[in-house]
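Structure, as structure tokens:
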Amino acid sequence: MPYCETGADVRLTFTDESWVRLSLGHQNNAERFCALLALPSANNNS
């Protein structure tokens with residue numbers, strides 16, 4: 001659920017069920033940030 005009408009907020013939920021809300025100022029920034037989180041980790045050992 002968005003926190004603002006522009007869709008510029010991102011809510012990150014961690015494994016311990018804590019969460020943080022990031023206000024990124026513009027919807028494009030939020031989309032780019034989420035895309036960055038979806039990238040595979042460079043330290044992935046699999």
Side-chain angles (χ1 to χ4, degrees):
M1 174 179 9
Y3 291 98
C4 68
E5 292 179 8
T6 62
D9 292 343
V10 174
R11 179 177 167 171
L12 296 176
T13 304
F14 301 97
T15 56
D16 66 355
E17 297 183 18
S18 64
W19 59 274
V20 63
R21 174 186 161 203
L22 303 176
S23 181
L24 299 172
H26 192 274
Q27 185 174 3
N28 287 344
N29 294 340
E31 291 171 358
R32 290 177 186 157
F33 183 77
C34 289
L36 178 66
L37 292 177
L39 293 175
S41 171
N43 296 325
N44 190 351
N45 293 328
S46 54

Item to complete: Give the intermediate values and the outcome of side-chain contact (heavy atoms from CB on, under 4.5 Å) for residues D9 and L24.
Response: CA-CA 6 Å; D9 292 343; L24 299 172; over 6 Å; no

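- Taking SG from C34 and CG from L12, the interatomic distance works out to 7.5 Å, rounded to the nearest 0.5 Å.
- V20 is not listed as a side-chain neighbour of T13, based on a closest heavy-atom distance of 4.5 Å or more.
- Side-chain contact between N28 and F33 is absent, with no heavy atoms from C-beta onward closer than 4.5 Å.
- To the nearest 0.5 Å, atom NE2 of residue H26 and atom CD of residue E31 are 9.0 Å apart.
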